[in-house]
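First up is the structure itself, then whatever we jot down about it.
Chain letters run A, B, ... following the sequence lines, proteins first and then strands; every chain starts at 1. The basis for the numbers below is simple: all heavy atoms, side chains too, and nothing from hydrogens, waters or symmetry mates.
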Amino acid sequence: MSGEPFTWLTGEPDQVAPRLLGALVSTSRDGGVVTVRITEVEAYGGFDDEASHACAGPTRRNQPMFGPPGTVYVYLSHGLHHCLNVTTGTAGEPGAVLIRAGEVVEGIPLARARRGGRDRDLARGPGRLGQCLALSLDDTGTMLGHGVAIRAPAVPAGEVLRGPRVGVRRAADRPWRYWLAGDTTVSGYRRHPRVDSGPGLV
DNA sequence: ATGTGGATCATCT
DNA sequence: GATGATCCACATT
């Protein structure tokens, strides 16, 4: 009961990120369960990661990133999209993994009602995934296992590829995006229209 | 297939 | 008052 329930999430975000591939995220809302099998993730670090929300230190929004592993961090993107992160690292050492895409494996009718469009695209992208799971800002700061649950993959994921992160302006080339090779639910790579020149890899 | 621009709002300076 | 870890629609090749 007591102790560290989320040891599998403890460690550097880029080490933990691939462990989330194949894991099952679910919410139970509006009288139905929706479960997504994760196929794409992105790691975000702390003060040394220019692309991370935690880079400039703790604020009201990013507070959950400084919490213990297994903390849910949801942020609102462009006023429209609720994006899901899971905190990694250790308390006081900011780090998180953004759940970027997945395949809906349970509650497809409910996911369709919330999203529409092709089944393959239901959770293809962080905003769409958040909409599928009916996330809101009320989820941020909660612990996994309450509103949002994640089951670790029964077996380690198959072939994992990695590459630069999607849509970030700073540190755009740090290869901290991980996905399952050949999976059709992985989102398309989009580079930020105005990437800052600079270190990128450090 | 690829590229541009608009929507929309919580958060931070 | 500016910004953005996005998505969709529409335009052009």
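- Here A:Tyr44 counts as stacked on C:dA5: its ring centre is under 5.5 angstrom from the base ring centre and the planes meet at under 30°.
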Only pairs under 3.5 Å count here: list side-chain donor-acceptor contacts from residues 69-80 of chain A, not counting sequence neighbours, and write none if there are none.
| residue | atom | partner | partner atom | Å |
| --- | --- | --- | --- | --- |
| A:Thr71 | OG1 | A:Pro68 | O | 2.6 |
| A:Tyr73 | OH | A:His53 | ND1 | 2.7 |

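- Put simply, A:Arg128 has a side-chain N or O that comes within less than 4.0 Å of OP1 or OP2 on C:dC8.
- Across all strands shown, B:dT8 forms no Watson-Crick or G-U wobble pair with both key distances under 3.5 Å.
- Between A:Gln131 and A:Glu42, the one whose closest nucleotide on DNA chain C sits nearer the 5' end is A:Glu42.
- Taking atom NE2 of A:His82 as the reference point, atom C1' of B:dT8 lies 12 Å away to the nearest angstrom.
- The side-chain ring of A:His78 is not stacked on the base of B:dA7, judged by centre separation under 5.5 angstrom and plane angle under 30 degrees.
- Remark: A:Arg169 is in phosphate contact with C:dG4, judged by side-chain N or O atoms under 4.0 Å from OP1 or OP2.
- Between the CG atom of A:Leu76 and the C1' atom of C:dC7 there is a distance of 13 Å, given to the nearest Å.
- The side chain of A:Arg115 contributes an N or O atom lying less than 4.0 Å from OP1 or OP2 of C:dC8.
- With a 4.5 Å cut-off on side-chain heavy atoms, A:Val104 and A:Arg115 do not count as touching.
- Whole-Å rounding puts the A:Arg190 CZ to B:dG3 P distance at 8 Å.
- Using a 4.0 Å heavy-atom criterion, one finds that A:Gly79 contacts the bases of the nucleic acid, with or without backbone contacts as well.
- At the heavy-atom level, A:Arg177 lies nowhere under 4.0 Å from the strands shown.
- As a whole-Å value, the separation of A:Asp138 CG from B:dA10 P is 12 Å.
- For the residue pair A:Ser187 and A:Arg100, the shortest heavy atom distance occurs at OG-NH2, 3.3 Å.
- OP1 or OP2 of B:dC12 lies within a sub-4.0 Å distance of a side-chain N or O belonging to A:Thr59.
- Both A:Leu137 and A:His81 sit near DNA chain B, but only A:His81 has its closest nucleotide nearer the 5' end.
- Distance from the side chain of A:Leu80 is smallest to B:dT8 among B:dT8, C:dA5, B:dA10.
- Of the nucleotides present, B:dA1 is the one that pairs with C:dT12 by Watson-Crick or G-U wobble criteria, both distances under 3.5 Å.
- For A:Arg60 and B:dT13, the CZ to P distance is 13 Å, given to the nearest whole Å.
- Listed nucleotides B:dC12, C:dA5, C:dT6 differ in distance to A:Arg61; the shortest reach to its side chain belongs to B:dC12.
- Electrostatic pairing of A:Arg191 and A:Asp173 counts as a salt bridge here, judged by a charged N lying under 4.0 Å from a carboxylate O.
- For A:Arg174 and C:dA5, the CZ to C1' distance is 13 Å, given to the nearest whole Å.
- Between the C1' atom of C:dT3 and the NE2 atom of A:His53 lies a distance of 10 Å, rounded to the nearest Å.
- A:Arg100 comes within contact range of the sugar-phosphate backbone alone, with a heavy-atom separation under 4.0 Å but no base atom that close.
- Rounded to whole Å, atom P of B:dG5 lies 12 Å from atom CZ of A:Arg194.
- Residue contacts shown for A:His192 are absent, as no nucleic acid heavy atom lies under 4.0 Å away.
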Residue pair A:Thr35, A:Glu106: steps toward the side-chain hydrogen bond (donor to acceptor under 3.5 Å, both in side chains) verdict: CA-CA 5 Å; A:Thr35 300; A:Glu106 181 184 11; 2.6 Å; yes
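- Remark: A:Glu93 CD is loosely packed, at most 12 non-hydrogen atoms of other residues, nucleotides or ligands lying under 6.0 Å away.
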